[in-house]
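What you see is a predicted model; the values in this text were computed from it and never measured. Just so it is clear: chains get the letters A, B, ... in the order the sequence lines come, proteins before strands, and each one is counted from 1.
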Number of protein chains: 2
Amino acid sequence: MSEVESFFKSAFSVDNVIFGFDGSDLKVLLIQRGAAPFKGKWALPGDLVYPNEDLDTAAERVLEQLTGLRGVYLEQVKAFGAVNRHPLGRVITIAYYSLIKISDYSVTPASFAQSAKWHSLGEVGELAFDHNEILDNCLKELKHKVRMAPIGFELLPPKFTLTELQQLYESILETELDKRNFRKKILSMNLLQDLDEVQEGVAHRPAKLYRFDRKRYVKFVAEGFSFDI
Amino acid sequence: MSEVESFFKSAFSVDNVIFGFDGSDLKVLLIQRGAAPFKGKWALPGDLVYPNEDLDTAAERVLEQLTGLRGVYLEQVKAFGAVNRHPLGRVITIAYYSLIKISDYSVTPASFAQSAKWHSLGEVGELAFDHNEILDNCLKELKHKVRMAPIGFELLPPKFTLTELQQLYESILETELDKRNFRKKILSMNLLQDLDEVQEGVAHRPAKLYRFDRKRYVKFVAEGFSFDI
DNA sequence: CGACTTATTGTTATTTCGACACAATGTAAT
DNA sequence: ATTACATTGTGTCGAAATAACAATAAGTCG
């Protein structure tokens with residue numbers, strides 16, 4: 001049995017759906033595979049898990065190698081383990097998704113030879129392996145989670161306007177929201193800190209800037225408050 | 001490298017949290033381990049995944065070998081992959097939970113030497129491996145899911161009373177519900193079929209029996225209805 | 001200064017939610 | 001037959017959340 005055959009007899013990997021938001025579209029970061037199988041195809045960034053590495057650690061490593069970012073929001077979704085999902089052998093993969101600020105992402109990661117590119121969700125074609133299925137599952141999970149926990153802020157810069165926040169939610173949920181009702185609801189949660197600053201360089205009335213108050217959120221949760229949009 | 005060492009170099013398993021309901025308590029089916037490691041300790045039923053076996057299939061197999069049941073509700077929760085979670089080597093496990101009717105469960109499964117026993121959730125002590133953590137995660141997922149989808153019926157016999165249904169929800173959610181409000185809400189969904197039968201053999205006014213109408217539920221979902229308690 | 005663009009704000013009708021108590025229907029015992 | 005007992009089954013009302021809806025304010029640009 002060759003080295004490769006032996007390794008692939010039973011292996012596990014992590015795959016990471018990295019979401020970003022460019023102000024109007026929800027995007028996902030994909031890499032173009034440089035080697036077989038599926039050479040040339042777009043795929044989710046992922047890697048085999050090292051023998052002495054926790055699953056979560058492996059997911060963080062993949063993310064950091066590709067984006068240079070550490071400490072960002074990252075969550076496991078589920079495992080995919082169909083027998084024939086990997087053409088070279090039995091590999092189950094654990095899917096994660098993470099939320100990053102596109103502005104923090106450096107375009108030229110040194111450690112990956114593959115080209116990486118942001119794709120709008122509508123423009124994602126056929127991916128390698130079962131990655132379309134993984135992406136669908138992660139997106140579904142994101143849609144759900146973003147309504148139950150204040151994770152949307154992970155996709156925005158530290159200072160943002162209410163309109164930007166609303167556009168983010170509209171992109172993720174793929175629905176239109178009423179402006180007045182949205183603002184009422186968000187502001188009534190008392191999770192946003194009014195920075196007494198306004199946008200600059202816009203050709204119209206500048207909007208006020210807010211910041212998500214994480215400390216206050218933690219305190220509210222301890223008191224029984226639950227986020228719900 | 002011995003056979004065992006080689007196998008455990010990298011393996012994956014499934015573990016199954018099997019929930020049941022005895023009319024007043026939510027229970028979980030545990031086995032007592034007959035071999036090292038953790039010999040004698042209570043544990044979740046689980047097994048290594050065969051090389052040519054899908055994850056879901058493996059979970060179904062574990063469930064059937066222990067209970068004799070097929071085609072019951074079963075759902076993956078997540079993977080657990082801490083490096084040292086298994087003392088003999090690197091084994092990640094995929095956790096599932098399933099819902100069965102205790103009355104369908106045959107007490108003496110042939111294929112498992114270990115003794116299996118229903119445990120009330122309050123009486124679960126320290127389990128083998130990281131199984132307490134897995135159980136906690138599955139229970140949390142069940143609590144969440146049972147409010148979003150009509151899966152509670154999987155734990156009840158085909159014919160049940162509204163009081164039984166309410167007690168089930170109270171057990172799972174660990175909270176008391178108002179009788180009138182609960183009945184109003186459940187009945188307004190039009191998912192229960194009034195069987196025009198009543199309980200027999202009870203020493204008081206017998207309650208009407210209902211059945212969950214799965215076909216109607218599927219139809220309603222197609223029309224945009226969403227279950228919510 | 002006028003045209004333009006986006007930000008900001010409040011009211012009302014409708015629906016949902018939560019609290020709450022008593023009469024009806026059966027069995028069991030005398 | 002009557003009574004005690006246990007559990008089922010039902011309606012209202014106030015509070016709170018939700019959804020629909022449009023006009024004015026604050027900037028920039030030419």
Side-chain angles (χ1 to χ4, degrees), chain A residues 21-25 146-148 150 156-157 159-171 173-212 220 223-229, chain B residues 22-24 146-148 156-157 159-171 173-211 220 223-229:
Chain A
F21 181 67
D22 70 356
S24 56
D25 270 331
V146 80
R147 296 169 48 98
M148 316 282 292
L156 292 175
K159 301 176 182 184
F160 52 84
T161 70
L162 292 179
T163 300
E164 288 167 348
L165 184 62
Q166 181 174 350
Q167 282 170 342
L168 169 64
Y169 273 92
E170 290 180 338
S171 293
L173 300 176
E174 296 181 279
T175 179
E176 289 202 353
L177 302 172
D178 179 87
K179 199 195 312 199
R180 278 172 287 191
N181 294 338
F182 178 80
R183 295 160 99 95
K184 237 181 302 175
K185 191 155 194 176
I186 283 284
L187 289 175
S188 72
M189 291 184 191
N190 276 86
L191 290 175
L192 297 189
Q193 190 176 358
D194 185 337
L195 292 171
D196 284 318
E197 293 177 58
V198 293
Q199 283 180 306
E200 287 180 13
V202 289
H204 54 76
R205 172 176 178 179
K208 294 210 285 188
L209 292 171
Y210 293 85
R211 184 171 61 184
F212 174 61
F220 285 167
E223 293 166 358
F225 160 90
S226 75
F227 187 90
D228 186 13
I229 284 186
Chain B
D22 68 357
S24 56
V146 80
R147 297 169 49 96
M148 315 283 291
L156 291 176
K159 303 177 180 184
F160 51 83
T161 70
L162 292 179
T163 301
E164 288 167 348
L165 184 62
Q166 179 174 349
Q167 281 170 343
L168 170 64
Y169 273 92
E170 289 181 337
S171 293
L173 300 176
E174 295 180 280
T175 178
E176 288 200 354
L177 301 172
D178 179 86
K179 193 186 342 183
R180 277 173 287 192
N181 293 339
F182 179 79
R183 293 161 100 95
K184 236 182 302 175
K185 191 153 194 175
I186 283 286
L187 290 175
S188 72
M189 291 184 190
N190 276 85
L191 290 174
L192 297 189
Q193 190 176 357
D194 185 337
L195 292 171
D196 285 319
E197 294 177 54
V198 293
Q199 283 180 307
E200 288 180 11
V202 288
H204 54 77
R205 174 177 178 178
K208 293 210 286 187
L209 292 171
Y210 293 86
R211 185 170 62 184
F220 285 166
E223 292 166 358
F225 161 89
S226 75
F227 186 90
D228 186 13
I229 285 186

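Comparing A/Val202 and A/Lys185 by the nucleotide of DNA chain D whose heavy atom lies nearest to each, the residue mapping closer to the 5' end is A/Lys185.
Residue A/Val198 is out of contact with every strand shown, counting any heavy-atom pair closer than 4.0 Å.
Taking the 5' to 3' direction, DNA chain D first and last meets chain A under 4.0 angstrom from a heavy atom at D/dT18 to D/dC29.
Per the geometry, CG belonging to B/Leu177 stands 13 Å off P belonging to C/dC17, to the nearest Å.
Other residues, nucleotides and ligands contribute at most 12 non-hydrogen atoms within 6.0 Å of the CD atom of B/Glu176.
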Exercise for the section: Test side chain to side chain contact (heavy atoms under 4.5 Å, CB included) on B/Arg211 and B/Leu192 and set out the steps. Expected result: CA-CA 6 Å; B/Arg211 185 170 62 184; B/Leu192 297 189; over 6 Å; no
Exercise for the section: Go through the steps to decide whether A/Thr163 and A/Phe182 satisfy the test side chain to side chain contact (heavy atoms under 4.5 Å, CB included), and finish with yes or no. Expected result: CA-CA 10 Å; A/Thr163 300; A/Phe182 178 80; over 6 Å; no
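A/Leu209 has its side chain out of reach of A/Asp196: every pair of non-hydrogen atoms, C-beta onward, lies at least 4.5 Å apart. Side-chain contact between A/Tyr210 and A/Lys208 is present, with heavy atoms from C-beta onward closer than 4.5 Å.
Side-chain N or O atoms of B/Glu170 include one that pairs as donor or acceptor with a backbone N or O of B/Leu177 at under 3.5 Å.
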Filtered N/O pairs between nucleotides 7-10 of chain C and protein, under 3.5 Å:
from	atom 1	to	atom 2	distance (Å)
C/dA7	OP1	A/Thr163	OG1	3.1
C/dA7	OP2	A/Thr163	OG1	3.4
C/dA7	N3	A/Arg205	NH1	3.3
C/dT8	OP1	A/Lys208	N	2.9
C/dT8	OP2	A/Arg183	NH2	2.2
C/dT8	O5'	A/Arg183	NH2	3.1

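For the residue pair A/Met189 and A/Asp228, the shortest heavy atom distance occurs at CE-O, 3.3 Å.
Judged as a side-chain contact (heavy atoms from CB on, under 4.5 Å), and not counting sequence neighbours, the contacts of A/Glu164 are A/Phe160, A/Thr161, A/Gln199.
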